[in-house]
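In what follows, every chain begins at residue 1, and chains take the letters A, B, ... in the order their sequences are listed. In what follows, every heavy atom counts, from backbone to side chain, and hydrogens, waters and symmetry copies are set aside.
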Amino acid sequence: MGDFSPTLTQRQAQERTARRVVFVLSALPLVLIIYITAALFTRFWPLLEQYSLWDLLIGTQWYPMQGKFGFLPFITGTLWVTAVGVFLAVPPCLLTAFYLSEYARPLTRVLLKPVLDVLAALPSVIYGVWGVLAVVPFVGNQLRPVFSQYLGWIPLFSSHQPTGYSILAGGIVLAVMIAPFLIAVTYEVLMTAPQDWRLGSLGLGATRWQTIRYVLFRQSLPGILAGVVLGTSRALGETMAVLMVVGNVPQMPRSIFDAAYPLPALIANNYGEMMSVPLYDAALLGAAVLLLVIVLAFNVASTLVLQRVLARR
Amino acid sequence: MSNPHIQVCNLNAWYGSQPALKNINLAIPRQQITVIMGPSGCGKTTLLKTFNRFFELTEGARLEGQVLVDGENIYDRAIDETEVRKRIGLLAQRPTVLPMSIYENVAYGMYIHRMKKNAREYKDAVRHYLELAGLWDEVGKRLHDPATALSIGQQQRLCLARGLAVEPEIILGDEPTSALDPISSQHIEKKLLELKDRYTTVIVTHTLRQAKRLADYVVFMYMGEVVEAGPASQVFNHPQQERTQQYLAGMF
């Protein structure tokens, strides 16, 4: 035994070091989140000493020069653009995923999947440029007149400004951006469904669509929801592409044809400029804190919902 | 054979470039149990899958020839494969229960074909078919439990009940007892024998003893071809072909 002990100790020391290194590395993300939150909050603090948090949250006036910092237009803008994007993206994405997994021939799959992957990899500024050149004119010149003529009596579709720089334009760009993602997740979820389910259902004379509707969709719902949550998180934080098409007017939006000013756009557009304005820096970092809180709250809430959905079966 | 239920004419099938069935000509008698037997890889499951149009679900599967059910070619362009599968039920090698409750598993097929008018009728029918499959006594009090909670033998009887519920004329069984314990296998065999007056039954098996217990009519396949087919007593007692004799003697 004596001969073995030196190597053994060496190995144990190595093991201890390895364990410590991997632990520190794994803990790093958590430390970073805490550190970022703390740092943002510290810089936000001066604003909170002057105004109550509630007043900032429900304030609709944004005039930094006059010391008016109301965040509500930005919070609303973020939520509206995200909601429109997700609403537009989910139905066609689910259908596409169903097509790919249930109907498409392998050759179609092999050809389509890389296209989707490329779409997911495009830099967001490219989506922004496409949005400015194609989506904004389409919304402004085509959709807006039609909607205001026929559905203008519905406040959600009324028109208050002549351009296409709007929540709808931002939503469309976002929908296209999160689509590859939603399709990929749903597709993967469907591919994990046992072949027996399909054979059991088809064997009774069900059509493919009935099999999707009554068996696969129901069973894949938690996975699909998880995909939608990830897509929504991404949409909440998407900055560049949205910023380029959404108009960036700090106002309370009333219609999807109104311009809006989401939180990420506010920060990206203004940080580093006019920093001599008192409390401006604190207000922008406050916007960052709010964005962080919204994304975290959304993720926590959706995790809880997902757990309840799973627990019910 | 007069008035066969299924008739196979010049059927050839391939998986990719690999031939699976070679020029099959066969008649399957009405309201009897036909057993297709043969060594593994001889094409018996493939042949069975051509009867309910499951063959085409395999990638690269290709087929020529005809399968006539009551004189009608089920591969005719005008034929709806879902209608074929409703008329011809399949009991798979392993039970393929759907991820739903016991009740829903039986009601599902009736529901997608809109076969009943109201909840009462569905309830009665579910009970009827569970009784027919000999499962009611075991599950009648827990119809809303997930079907996956049942033992594998019970699951297979649930699949039988579910298949019967869409009122098929023909029941196919692809080695339907091979995944089951001996007692559960007996249950299934007993049910198939009880039901054979009402349905045409075609069973694939690789166990000779099961073939002898069940068969009224026997098809022996080897290397994608039908070597011999005839009434059970004839094939088992006086096989005409040398390869059938060898198989029955346990030589392969």
Expected output: side-chain B/E59 to main-chain A/P106 donor-acceptor under 3.5 Å: no
Interface moiety of B/E104 toward chain A, non-hydrogen atoms closer than 4.5 Å: side chain
More than 12 heavy atoms of other groups within 6.0 Å of A/F87 CZ: no
Within 6.0 angstrom of B/R142 CZ, more than 12 heavy atoms from elsewhere: yes
Residue selection (most heavy-atom pairs with chain A, distance under 4.5 Å) from B/L90, B/L172, B/D80, B/L98: B/L98
Within 6.0 Å of CZ in B/R94, more than 12 heavy atoms from elsewhere: no
Distance-minimising heavy-atom pair for A/R208 and B/L57: NH2-CD2, 3.4 Å
Within 6.0 angstrom of A/R109 CZ, more than 12 heavy atoms from elsewhere: yes
Atom NZ of B/K191: over 12 foreign heavy atoms under 6.0 Å: yes
Straight-line distance of A/L202 CG to B/E81 CD, nearest 0.5 Å: 8.5 Å
A/R105, CZ: over 12 other non-hydrogen atoms inside 6.0 angstrom: no
Side chain / backbone / both / neither for B/V84 at chain A, heavy atoms under 4.5 Å: neither
Exceeds 12 heavy-atom contacts within 6.0 angstrom, atom CE of A/M240: no
Side chains of B/M100 and A/V215 in contact at under 4.5 Å (non-hydrogen atoms): yes
Atom CD of B/E72: over 12 foreign heavy atoms under 6.0 Å: no
Part of B/R87 within contact of chain A (heavy atom distance under 4.5 Å): neither
For chain A, the option from B/G163, B/G109, B/P168, B/P99 that forms the most heavy-atom pairs under 4.5 Å: B/P99
Heavy-atom pair of closest approach, residues B/I112 and A/Q210: O-NE2, 3.3 Å
Over all atoms of both residues, closest heavy-atom pair of A/S201 and B/Y108: OG-OH, 2.6 Å
Interatomic spacing from CZ in A/R198 to OG1 in B/T96 - rounded to 0.5 Å: 13.0 Å
